[in-house]
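Before any comments, here is the structure.
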Amino acid sequence: MINMTLKDGSMRQFETSITVYEAAKQISNRLGKEALGGIVNGKAVDLSFVLTEDAHLDIVTFEHPVGVEIFRHTSAHIVAQAVKRLYPQAKLAIGPSVEKGFYYDFDVDFTFKLEDLLKIEVEIHKIISEKLPISRFELPRQEAIQFMKDKGESYKVELIEDLPLDVTISFYQQGEFVDLCAGPHLSSTGDAKAIKLLSATGAYWRGDEKRKMLQRIYGVSFPKAKMLEEHLLLLEEAKKRDHNKIGREMELFTTVDAIGQGLPLLMPKGAKIVQILQRFVEDTEEARGYLLTKTPLMAKSDLYKISGHWQLYRDGMFVIPDGDNPDDALALRPMTCPFQFMIFKAAQRSYRDLPLRYAETSTLFRNESSGEMHGLIRVRQFTISEGHLMVTPEQLENEFRGVVDLINYMMDTLGIRQDVSYQFSKWDPNNKGKYVGSAEQWETTQETMKNILDHLQLNYKEAEGEAAFYGPKLDIQFKNVHGKEDTIITVQIDFSLAERFDMTYIDSNGEKKRPIVIHRTSIGCYERTLAMLIEKYAGKFPTWLAPIQVKVLPISDKYQAYADLVVSKLKAQRIRVELDDRAEKIGYKIREAQLEKVPYMLVVGQKEEEETVVSVRSRKEGDLGTKTLEAFIEQIQYEVNNRVLNYE
RNA sequence: GCCCACGUAGCUCAGGCGGCUAGAGUGUCACCUUGGUAAGGUGGAGGUCGGCGGUUCGAGUCCGCUCGUGGGCUCCA
């Protein structure tokens, strides 16, 4: 008799040893049909895993993340099998399940074109219909290495050699195809059902750009064809919110070949939104004790040599030669820190002056590599709500909290707080050359930061090797419509640069001390934030952010004079208004205004003129009936002053 | 920087196995219509098919290079 504790806490007894699959069938018919694998005492296993003793058992289906992983991982193996059949010389690298599906990397002496993917898909469907049983076997380390050597799979050999000595080395076989894999997997290739290949791209072996570029095939898979169709439809829908598409359609920004990559132009409507955000940010920061600075956009190399940028970040900077002497070069600034540090240093500071909080709406330049630019999200010139706080060690935690509070306020005001995730970005101790400062400094700073984050009860994930070169970061991440994650806001604690810049303050004992620096942004960079807002609201911005808040639509040109009066009264109240006085019918004008995503339309005709009112139509709710202009102005001002959010 | 896909009118796109004067919708302009809550009608203008070079009797179409856009890799706000 063995006892299994199920995930709902109930207990189940089985006569003798039994496979996970049989157990699932006995628990329920449905579970037997849908089971993809199991979790036994926290460890994911195949359906064929034999239960021999008491344990916690969780049967996983496609509704469980582990089930999805098993499913997608097997899909990757099927892709690899298909590729090996069509291109026997292809060498296998790795093929994991990832958030958006799965991929498999191959070393081939050509590149996969779209038409190759189609051929591979045909072979995949063959393999699925062959219903090949998938079985697991284990080999001792040396035999495993020899086994893969014999097959000419040099990448697999490298992988095995790098495995920890105590780990069990397992393989999975389906038909003629064998792959090194920890598993678990489905029981048969027939269970993989609906696999779709999405793209072929290049990817460096082990993510190292100095090593060989392999060919990666991305795909996605589901247990039912219908689920796959729905998923593909969802991807299409998401692309309709793409800030690149909406931003260009709504004339928020554009790009021009002759100006260059990563250098978007904000058009009047986009610039208006950024201006609104910037005013809001600067006012809020001032209210919270920040001092505004305005510093140069470029500096001599001397400055960057002190900060470490010249040594560690030179590839990322635009360097401007100055005469014949390379030592006299200027560089456009990639960060504001050294400039604000110099302001700190421009006077003798006392502990009574701290904390000093500097803020600047700062334009930065970063020479991103050419394949990196993306709409407004990755650009070469951007403007960030930058700031640095110089604090004493005692003030650090409180000031850090203050920064997080400011950030939360910003995110709440924009309505995006529930859409972000927190990441604690740490250094990579195995790559010390990328950073300034000692290992001890890094470890203690990270510990300090971790404590603060824990006190703040932020639900963060840790990311090694993601720190800035001068310190660990709290990164606030958001995902774009393609599911790609980017940092929108960041806070960093820096124990290094104060030393490099010889920044000091006099403490209460009259001794010189180094301040701790908090690098932070309150709303991130305006271009990227705008991109995120476009995608968040699909262009239907809240009234306070909408570049055009009201469109006045006269029924005909007989009411032009009244329409002009309405427009001028709104303008006098600083409401952003446009007049559509084209000789078109009202239905047509409404349709256009609606497609332009203007929050309010005011229809004016004979009735309105006689009664001196306006007919209000909202983007969201349609016809709202007539109101006096004063009442409408009051309503819109309420929305603007309170920064009312809307989700449509 | 590397890999994949793409670049045709202001915008969205069709076409393309090399062959008359390159199409549509939408926008824009003119005229008619003066209207009541998501598209009224007619007509006109607008393109050296991203750029440069090559193959050819002939290139928007084929080839090479280049610029740009989108998606990945490395990197990063």
Side-chain angles (χ1 to χ4, degrees), chain A residues 100 103 105 111-114 116-117 198-218 239 242 244-245 248-249 251 254-263 313 315-316 334-335 362 364 366-375 377-379 382-386 425 434 465-466 468-469 473 475-478 482-484 486-490 492 519 521 523-529 553-560 582-595 601-608 615-619 622-625:
Chain A
K100 289 194 275 178
Y103 67 80
D105 284 350
T111 58
F112 289 119
K113 306 272 190 273
L114 214 53
D116 300 320
L117 294 191
L198 296 175
S199 60
T201 72
Y204 299 103
W205 169 234
R206 301 205 139 174
D208 184 346
E209 66 177 325
K210 289 183 191 73
R211 303 194 67 172
K212 186 161 187 187
M213 175 165 274
L214 308 175
Q215 292 290 311
R216 174 171 299 178
I217 295 177
Y218 278 96
K239 281 185 193 149
D242 189 332
N244 261 305
K245 183 175 153 55
R248 288 167 206 267
E249 273 169 11
E251 299 186 359
T254 187
T255 50
V256 175
D257 288 9
I259 291 174
Q261 261 194 311
L263 298 168
Y313 200 79
D315 287 349
M335 293 165 186
S362 177
L364 305 180
R366 296 189 184 176
N367 194 3
E368 301 288 345
S369 28
S370 65
E372 277 314 315
M373 264 62 78
H374 171 58
I377 288 179
R378 276 296 283 281
V379 293
F382 56 92
T383 299
I384 187 167
S385 53
E386 181 85 287
S425 298
K434 275 174 67 181
E466 295 290 319
F469 73 76
K473 308 191 286 180
D475 286 326
I476 297 180
Q477 308 286 104
F478 86 102
H482 297 104
K484 183 174 167 143
D486 272 294
T487 302
I488 185 104
I489 294 171
T490 181
Q492 302 153 13
H519 304 241
T521 163
I523 207 181
C525 63
Y526 290 96
E527 293 81 356
R528 188 175 279 188
T529 301
L553 312 177
I555 297 282
S556 85
D557 56 14
K558 286 183 195 162
Y559 315 106
Q560 177 86 39
R582 292 173 302 169
E584 297 290 350
K585 287 193 173 171
I586 194 64
Y588 184 87
K589 291 183 185 182
I590 284 171
R591 179 185 151 82
E592 295 233 314
Q594 193 78 36
L595 292 175
M601 290 149 250
L602 298 183
V603 176
V604 293
Q606 185 181 2
K607 191 175 80 182
E608 289 78 11
S615 282
V616 181
R617 184 191 159 94
S618 100
R619 172 180 70 194
D623 193 351
L624 298 177

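By convention in this document, chain letters (A, B, ...) are assigned in the order of the sequence lines, proteins followed by strands, and residues within each chain are numbered from 1. Note that this is a predicted model, so its numbers are computed, not measured.
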[X] side chain, from C-beta outward: closest of [options]:
| X | options | value |
| --- | --- | --- |
| A:K113 | B:rA77, B:rA38, B:rA5 | B:rA5 |
| A:E368 | B:rC75, B:rA38, B:rG1 | B:rC75 |
| A:R617 | B:rA5, B:rC76, B:rU37 | B:rU37 |

Looking at [X], I'd like to know whether one of its side-chain N or O atoms comes within less than 4.0 Å of OP1 or OP2 on [N].
| X | N | answer |
| --- | --- | --- |
| A:K473 | B:rA77 | yes |
| A:T111 | B:rC4 | yes |
| A:H482 | B:rG70 | no |

Could I get the full list of side-chain contact (heavy atoms from CB on, under 4.5 Å) partners for A:I590, not counting sequence neighbours?
A:L553, A:I586, A:M601, A:V603, A:R617
For A:T254, what residues pass the side-chain contact (heavy atoms from CB on, under 4.5 Å) criterion, not counting sequence neighbours?
A:L265, A:M267
Looking at residues at least two apart in the chain, or sitting in another chain, which of them share a side-chain hydrogen bond (donor to acceptor under 3.5 Å, both in side chains) with A:D242?
none
Holding to side-chain hydrogen bond (donor to acceptor under 3.5 Å, both in side chains), I want the full list of residues that pass it with A:R248, two or more places apart in sequence or in another chain.
A:N244, A:T255
Counting C-beta onward and ignoring hydrogens, is there a side-chain heavy-atom pair between A:V616 and A:L602 closer than 4.5 Å?
yes
Taking the [atom1] atom in each of [N] and [M], what is the distance between them to the nearest angstrom?
| N | M | atom1 | answer |
| --- | --- | --- | --- |
| B:rG51 | B:rG7 | P | 13 Å |
| B:rC13 | B:rG50 | P | 14 Å |
| B:rC57 | B:rU12 | C1' | 37 Å |
| B:rU56 | B:rG18 | P | 16 Å |
| B:rG25 | B:rU34 | C1' | 27 Å |
| B:rU61 | B:rC3 | C1' | 26 Å |
| B:rG60 | B:rU21 | C1' | 15 Å |

Looking across every strand, which nucleic acid part, if any, lies under 4.0 Å from [X] by heavy atom: base, sugar-phosphate, or nothing?
| X | result |
| --- | --- |
| A:L198 | nothing |
| A:L595 | base |
| A:F112 | sugar-phosphate |
| A:K239 | nothing |
| A:G371 | base |
| A:I590 | base |

Taking N or O atoms only and anything under 3.5 Å, show me the protein contacts with nucleotides 66-69 of chain B, one pair per line.
unit_1, atom_1, unit_2, atom_2, d
B:rG68, O2', A:D257, OD1, 2.8
B:rU69, OP2, A:Q261, NE2, 3.0

Within this structure, what is the [atom1]-to-[atom2] distance between [X] and [N], rounded to whole angstrom?
| X | N | atom1 | atom2 | value |
| --- | --- | --- | --- | --- |
| A:K484 | B:rA77 | NZ | P | 13 Å |
| A:M213 | B:rC73 | CE | P | 10 Å |
| A:I217 | B:rC73 | CD1 | C1' | 15 Å |
| A:R378 | B:rG1 | CZ | P | 14 Å |
| A:D315 | B:rC75 | CG | C1' | 10 Å |
| A:E251 | B:rG10 | CD | P | 14 Å |
| A:K245 | B:rG71 | NZ | P | 14 Å |
| A:R366 | B:rC76 | CZ | P | 10 Å |

Quick one: salt bridge (charged side-chain N to carboxylate O under 4.0 Å, His left out) partners of [X], sequence neighbours excluded?
| X | answer |
| --- | --- |
| A:K212 | A:D107 |
| A:E466 | none |
| A:E251 | none |
| A:K607 | none |

Closer to the 5' end of RNA chain B via nearest nucleotide, is it A:E527 or A:H374?
A:H374
B:rG40 base stacked by A:Y588? Criteria: ring centres under 5.5 Å, plane angle under 30°.
no
Verdict with supporting geometry, A:E386 and A:T521, side-chain hydrogen bond (donor to acceptor under 3.5 Å, both in side chains)
CA-CA 5 Å; A:E386 181 85 287; A:T521 163; over 6 Å; no
Identify whether the distance between the nearest side-chain nitrogen and carboxylate oxygen of A:R591 and A:E584 falls below 4.0 Å.
no
Any donor-acceptor pair under 3.5 Å linking the side-chain atoms of A:Q215 with those of A:T111?
no
According to ring pair (Phe, Tyr, Trp, His ring centres under 6.0 Å), who are the partners of A:F469, at least two apart in sequence or on a separate chain?
A:H309
Between protein and nucleotides 31-36 of chain B, what N or O pairs are separated by less than 3.5 Å?
unit_1, atom_1, unit_2, atom_2, d
B:rU34, O2', A:K558, NZ, 3.2
B:rU34, O2, A:S556, OG, 2.8
B:rU34, O2, A:D557, N, 3.3
B:rU34, O2, A:D557, OD1, 3.1
B:rU34, N3, A:D557, OD1, 2.9
B:rU34, N3, A:D557, OD2, 3.2
B:rU34, O4, A:D557, OD2, 3.1
B:rG35, N7, A:I555, O, 2.6
B:rG36, O6, A:Q606, N, 2.9
B:rG36, O6, A:K607, N, 3.1
B:rG36, N1, A:E608, OE1, 2.7
B:rG36, N1, A:E608, OE2, 3.2
B:rG36, N2, A:E608, OE1, 3.2
B:rG36, N2, A:E608, OE2, 2.2
B:rG36, N2, A:S615, OG, 3.4

Would you find more than 12 non-hydrogen atoms of other residues, nucleotides or ligands less than 6.0 Å from A:D315 atom CG?
no
Across all strands shown, which nucleotide pairs with [N] by Watson-Crick or G-U wobble geometry, both distances under 3.5 Å?
| N | answer |
| --- | --- |
| B:rG7 | B:rC67 |
| B:rC31 | B:rG41 |
| B:rA77 | none |

What N/O pairs connect the protein and nucleotides 42-47 of chain B at under 3.5 Å? Give each pair on its own line.
none

